[in-house]
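Some notes on the structure that comes next.
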Amino acid sequence: MYKLKYSYKFNSIFHFIKTKPTRKIHLNYFPTSHYHHQCVGIKKQLRNFNHSRHFVNTIKCPISLSRYNCYNRLQSTIVHQQLKQLEQLNYGNDDPIPSGEKENKIEEVIHQQLSDHVDDPFQKREKENKIDEVIHQQLSDHVDDPFQKGEKENKIDEVIHQQLLDHVDDPIQKGEKENKIEEAIHQQLLDHVDDPIPKGEKENKIDEAIHQQLLDHVDDPIPKGEEKGGKSLIDVENKTGEEVWIHYKSLSNKFKDKLQIKDFNKVLGVFLRNLPTDPVFHDRMLTILDEVNYRMKPDESTYNTMMSMSLQRKNLEEMKYYFDIMQDQKIKPNTITYNIMITAIVRIGKATQAFALYDDMRKKGIERNQKTFTMLIQACVKTRDVKQAKSLYNDMLKEGIIPDVIIYNTLINVTARNATNLKELEPAFNYVEEMKQKGITPITSTYSILVKSLIEMGKRTEALQIFNQMEKDGCKPDALILEGIGLTGLKSLIKMRDTYNITPSNEDYNTFINQAIRESKFNDAAEILRIMLQNGYQPDVSTYSIIINAHIKNNDISKAMQLYNAMKIDNIKSDSYIFSALIIGYVMKKDIDQAFNLIDEMLNSHVELNNRTINRIIDTASEHQDITIIQKVFDRLLRMTNPDKVAFERVLWRVAQTGQLTMVENYLILMEKYNHKIDFDTFKSIITGSCKGIHLSEGLYWYQKMIDLKLRPNHLLLSTLLRCHAEPKYSNKMFVLWNDFHYFGILPDDEDIMFVLLICREISSWQMENRILRQLKDLGYNTDTYKTALDAIDLQKINEEDNNNNNNNTKKDESIQKIQGLKLNTGAIELWIKQRKKSINAYKKREIEIRNAKENLQKWANKVGIRNEAKLDTSAKKRVNQWLPYSEMVKLRKKKEEEEEAEAAAASATATAQANINLNINTNN
DNA sequence: GTAGGGTTAG
């Protein structure tokens, strides 16, 4: 099977298929989901071109985008590919058809094909939905009767609700200054946004003006002289993103032909800057990239801008896609390209990958600059490696790069974050001295970092010294450093305004409001908002977001929605955080319909329903006792998005808590249908879910299933299972699990060992206890420690029982105490759990012992385990037989890989010989 | 004003 990479042009794929008529093809065309529909389109195209006998598969999309996005994207991308393809296939190079006619024909064909394509995903979707419906009906048939438990939950709900109401109402009844959020802040924000009509009118006028300009522009013939004059043909200066978009759309094809790559890049740059205020610019940027790809070759700036877009959208997969595709197109990444990649990777905390990119840069001779090193030093925050930061700083100096204030701040930050005492913080102060000597003035955040670190150490006096130092250095405080020294909310605002004579920024105001709300000083928050509005500052997304979130936390969705609607009038676009908060609010209230209305609105305004939000929604729905809630929610999510594997697994985790095997199975079927691989993590979710719901036999059922599928458990899973079975009545099952530690070569930790040994004591199985101690000895453990721990606990237990018996006839309340004590201490396990902290500390110094045990265990798993087979119980024996020794497995895997490589090499050779096209062929796997 | 960095948050 061939796997075609996404970077190949549609034509190349066609050629390839023509030359390899009998091959199965795995069409791995584009990794993002709007391209998923292109795959659908291409499949259809292939069928149109009589290649139906070729089996073309699409891959699953790693990114979930709404179908709305797909719909929009479909038009621009497919048109260009089809144009190219039609030009070559239908008309060749000699062009027998007069140009006007040709264009019309192409347009006709495209139009036809486009409408085919547009319909296709939806038709397919409909069919799928029907299947879903059936499955979901089946699933909901299996719902556990939730009402018994539900009643209890409702009561808890009631109590909480009452508490919240109390919390909100109390101040008013008492007439205290601290108020609920309601009237005060809320009303101000609402008042602020009255009168939407004048704004609308104003906008209409702007629209008209732009429209007129455009008409003028289009009518104007393009002056020929300007073409090569280097003067830009498209004017983006002093224009809003919206204006540029309208301008761009109005340009004729002929005019666009005259545009150079620089012009397109400029437009992309404008759109990028507009992305934070309106996510619709994401689609617009993709459209521009399509046009560039159609008309010419993008350059590194084009892709850098696209990657910067991905950086903003926090979409690393998308970014990697651009990074790969630009190299496929033989466009060389530059410093900026790498800086963007490194920034993104450091932000997700993968320091080693970031350093690998740095090495890559050095190998390729790509210059590093200040920004590169800032991010690399920043990566050391995550690895807690101050030395590495220092050495990177030295590397930087060696390369002749002059440090600036941000580099110093980062260095100081790395040092401060890892300092636990004044001595460790000293290098940070040295950096401050060094920068001052080099004539670089520290800024507020420089002091801020130090103050924060000192406060965390409990060094308040020193923190205040730094704050005073800042004032002496002529540096003005901001909301953050004031918070550092303990000033927040309204107090902080007044201090800033009256003592320091500083006009707070919009961010300062937002911080103050946030602080006040956090401290439940709602009247203060309202006052801050009043001052803010009075001073002519407009509330922005953050202001709204802070207050909406406060409402949601107070369980007041209607107030939150009022503000949401107010934002619309205020013409501020809600971001994914706001939507997410509101949707969660509705799910908490079990109002699924409203939640999904909001999701619809969210998608319509081009805010992506990201996996983070999807998973939050699922988690919130999970918390309801009523299992149908999460089923309903997930069902509807499936209809409109493409939830990731983790989302499925979260649902499985919750569903498994009901202990219903068929329900779990149905979700597994569903998961498979959505092309998600069912692997260890999937079973981990199911098994831990079963354990949480105390459905132990179901948990073991899935565990067995997992092993049947030749999936290997890890320590955490085995340990979890072992712990749930740590009761005398489950002792047999527990010993099977204990054996599995050895079969799978997983080293039990001290807690695991104690759990098993304690159960042996509880059921008085000396034989088993001895066996386990022998095994441990084989592994190189010092078994005396465990024996001592066991004996200590046993003694206590006996003592307590004795006491209890002796005191039986004394004072009544004392005996009640004893009975309660006994209840808590039934079983040695509980007793040990209470004390285990001590014992774990006692074992801490045994690192070498544990390392040796690991090695021994591996040997044991490979050889001894099988030799000792006779001693094992039957189900364990079966398991051992299923599992080859590790080294055998490695050998087999290597052999398989080699075979596949050989096959691929042969296939590749023939492919290149037959088709003289630039196609890379990868083996599957 | 073609693209990239630190301190804070929902």
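We use all heavy atoms of the structure for the numbers below, so side chains are in, but hydrogens, waters and symmetry mates are not. A, B, ... follow the sequence lines: proteins, then strands. Residue 1 opens every chain.
- The same atom, P, is picked in B/dG1 and in B/dG5; the two are 13 Å apart, to the nearest Å.
- Residue contacts shown for A/S542 include a base, since a base heavy atom lies under 4.0 Å away.
- Closest contact between the side chain of A/N334 and the listed nucleotides B/dA3, B/dG4, B/dT7 involves B/dA3.
- Phosphate proximity of B/dT8 to A/T511: absent, as no side-chain N or O sits under 4.0 Å from OP1 or OP2.
- Residue A/Y509 contributes atom OH, which lies 23 Å from atom P of B/dT8 at whole-angstrom precision.
- If you check every strand for non-hydrogen atoms under 4.0 Å, A/N413 touches sugar and phosphate atoms only.
- Aromatic ring pairs are classed by plane angle as parallel below 30°, tilted from 30° to 60° and perpendicular above 60°; the pair A/Y322 and A/Y303 is tilted.
- In terms of polar N and O atoms assigned as donor or acceptor, the side chain of A/N549 never comes within less than 3.5 Å of the base of B/dG10 in a complementary pairing.
- Between A/R518 and B/dA9, a side-chain N or O to OP1/OP2 separation shorter than 4.0 Å is absent.
- Residues forming a side-chain contact (heavy atoms from CB on, under 4.5 Å) with A/I261 (at least two apart in sequence, or on another chain): A/N265, A/V292, A/M296, A/D299, A/T302.
- A heavy atom lying under 4.0 Å from DNA chain B marks the following residues of residues 362-373 of chain A, by number: A/N369, A/Q370, A/K371.
- Between A/K436 and A/D473, at least one side-chain N (NZ, or NE/NH1/NH2) sits under 4.0 Å from a carboxylate O, which counts as a salt bridge.
- Between A/M361 atom CE and B/dG5 atom C1' there is a gap of 13 Å when expressed in whole angstrom units.
- Residues forming a ring pair (Phe, Tyr, Trp, His ring centres under 6.0 Å) with A/Y564 (at least two apart in sequence, or on another chain): A/F579.
- Contacts of A/I340 with the nucleic acid, taken as non-hydrogen atoms under 4.0 Å apart, involve only primed sugar atoms and P, OP1 or OP2.
- In summary, A/K438 and A/E433 do not engage in a salt bridge, as defined by a charged side-chain N under 4.0 Å from a carboxylate O.
- In this structure, A/I481 atom CD1 and B/dT7 atom C1' are separated by 10 Å, rounded to whole Å.
- Distances shorter than 4.0 Å separate none of the side-chain N or O atoms of A/R273 from OP1 or OP2 on B/dT2.
- Residue A/S580 is out of contact with every strand shown, counting any heavy-atom pair closer than 4.0 Å.
- Checked by atom type and distance alone, the side chain of A/N554 never pairs as donor or acceptor with a backbone atom of A/D556 at under 3.5 Å.
- No contact: A/I546 has no heavy atom under 4.0 Å from any strand.
- Using modelled atom types and a 3.5 Å distance limit, the side chains of A/T335 and A/N369 yield no donor-acceptor pair.
- Counting atom types as modelled, A/N304 pairs no side-chain N or O with a base atom of B/dG4 as donor and acceptor under 3.5 Å.
- Here B/dG4 presents its C1' atom at 15 Å from OH of A/Y338, a figure rounded to the nearest Å.
- Across all strands, A/I443 comes closer than 4.0 Å to base atoms (heavy-atom distances).
- Salt bridge A/K363/A/D359: absent, no basic N to carboxylate O contact under 4.0 Å.
- Counting atom types as modelled, A/S301 pairs a side-chain N or O with a base atom of B/dT2 as donor and acceptor under 3.5 Å.
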